[in-house]
Amino acid sequence: MTAQILDGRAQSAAILDRVEREVAEFVAAHGRVPVLATVLVGDDPASRTYVRMKANRCAKVGMQSRRLELDASISTETLIEAIRELSADPEVDGILLQHPVPDQIDERAAFEAIAPSKDVDGVTRTSFAMMAFDEGGFRSATPGGIMALIDAYDIPLAGKHAVVVGRSPILGKPVGMLLLARNATVTYCHSRTADLAGHVARADVVVAAVGRPALIKGDWIKPGAVVVDAGYADNQGDVDYEPAAERASYITPVPGGVGPMTIAVLIDQTMQAARARESARAGDLTPAGTPKR
Ligand code: NAP
């Protein structure tokens, strides 16, 4: 078997086309353009590229992006202050703090300075809890993108065994919970897992979210499994692609799979945030101030 490609470029383009139409409607209705604020701390070239790509996608759909660039040596307090200002700024609809931040910064504290109503990258505890309780709100962007990609190909999840490799709070953990909400049976693997190969070999759906090139070997993949590779270390995925593609039914390429979907979800959720803020202004506030799905 040679796997069918889960084409994140094509599917993200479809999402962005829809958002572009929604932005035009929004501008016509409200006389303003949705605004995404991006915050980059330090000079990491990869992070700089990701922020630039996100700003480019904003421009493509007719949104505005506002870029805040801060010195690599700033303190947690300074970063929190800057994010709080964006949270309070009436012109800003969504806030993205590019991950990872330099070591001296308490990243969790910085994420929590993002107002939940502007947490379009889905990184706050509030967004996580709303996702876990299946109460709408903003999804962590990469997990949201993975689910949108799986759904675009009508891949059934109920009753399937999904193995998620990685358990970070913005990727592995939430994607497992979203799979669980779709009635998959979910196993989490991580750095202390014994017999990773054995777990992966029993999976109908594998989500790799580690950051170690080719950690997942092709001959671990159960024939016919769906393979989603979120990894992006040294420009490579976590899955040894060629041999895995020989066994899988569907597989994401790296690049061109999960990455573009992540950005599309961020832009889509910025649109939702702008709409929710206008509804709130008009007095139609949903319980947590964030959009219902
Ligand atoms: P992270 O916070 O470093 O988490 C990595 C996870 O992998 C941890 O849970 C860790 O386990 C686990 N792990 C490490 N070594 C392992 C091993 N040998 N076997 C099994 N599990 C192992 O990373 P992250 O932020 O979740 O990102 C993961 C990858 O996704 C990175 O390559 C990143 O670049 C990529 N990423 C891509 C996108 C995108 O848009 N495509 C977005 C975000 C991240 P412990 O918990 O036990 O330490």
Side-chain angles (χ1 to χ4, degrees), residues 6-9 11-12 15-16 38 40 44-57 96-103 105-108 110-111 120-123 127-128 138-150 162-179 186-203 206-217 220 227-241 251-269:
L6 294 169
D7 187 344
R9 286 206 178 101
Q11 295 306 326
S12 65
I15 293 171
L16 293 174
T38 63
L40 174 66
D44 177 61
S47 291
R48 188 169 284 281
T49 301
Y50 294 141
V51 168
R52 193 177 57 238
M53 285 164 71
K54 289 164 187 175
N56 288 347
R57 294 300 182 284
L96 164 93
L97 170 61
Q98 184 62 43
H99 158 90
V101 291
D103 287 347
I105 289 174
D106 179 345
E107 184 176 77
R108 176 49 41 202
F111 279 152
V120 292
D121 203 29
V123 294
S127 295
F128 187 92
F138 298 116
R139 290 179 168 187
S140 183
T142 303
I146 289 171
M147 298 307 287
L149 191 54
I150 288 173
V163 170
V164 179
V165 190
R167 57 175 170 178
S168 74
I170 59 170
L171 212 180
K173 217 172 266 178
V175 81
M177 299 182 82
L178 291 171
L179 291 162
V186 178
T187 300
Y188 284 101
C189 298
H190 45 79
S191 65
R192 309 283 186 89
T193 295
D195 192 19
L196 179 62
H199 288 291
V200 170
R202 287 187 288 277
V206 182
V207 179
V210 179
R212 300 211 170 186
L215 174 75
I216 313 282
K217 306 302 172 206
W220 297 1
V227 177
V228 177
D229 189 350
Y232 203 74
D234 302 332
N235 298 325
Q236 281 184 63
D238 290 341
V239 178
D240 194 7
Y241 182 85
I251 192 165
T252 55
V254 179
V258 173
M261 295 301 290
T262 298
I263 299 182
V265 167
L266 172 76
I267 304 290
D268 191 10
Q269 294 194 147

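Every number for a ligand or one of its atoms is a count from 1 in the order of the listing.
Contact annotation: C189 has no heavy atom less than 4.0 Å from any atom of ligand 1. The closest approach between a heavy atom of T142 and any atom of ligand 1 is below 4.0 Å.
Nearest protein heavy-atom neighbour of atom 13 (N) of ligand 1: V210 CG1, 3.6 Å. Protein heavy atom at the shortest distance from atom 25 (O) of ligand 1 is H99 NE2, 3.3 Å. In terms of protein heavy atoms, atom 35 (C) of ligand 1 is closest to A230 O, 3.2 Å. Of the protein's heavy atoms, Y232 N, 4.2 Å lies nearest to atom 33 (C) of ligand 1.
Closest heavy-atom approach to atom 29 (C) of ligand 1 within the set G8, P143, G211: this belongs to G211. Considering only non-hydrogen atoms, atom 26 (O) of ligand 1 lies nearest to S168 out of S168, S140, P255.
The backbone N or O of A214 sits nowhere less than 3.5 Å from a side-chain atom of D238 that would complete a donor-acceptor pair.
If you look at A209 next to ligand 1, the close heavy atoms, those under 4.0 Å, all belong to the backbone. The proximity of T262 to ligand 1, defined as any non-hydrogen pair under 4.0 Å, is limited to the side chain.
Ligand 1 has a nitrogen or oxygen under 3.5 angstrom from a nitrogen or oxygen of S191.
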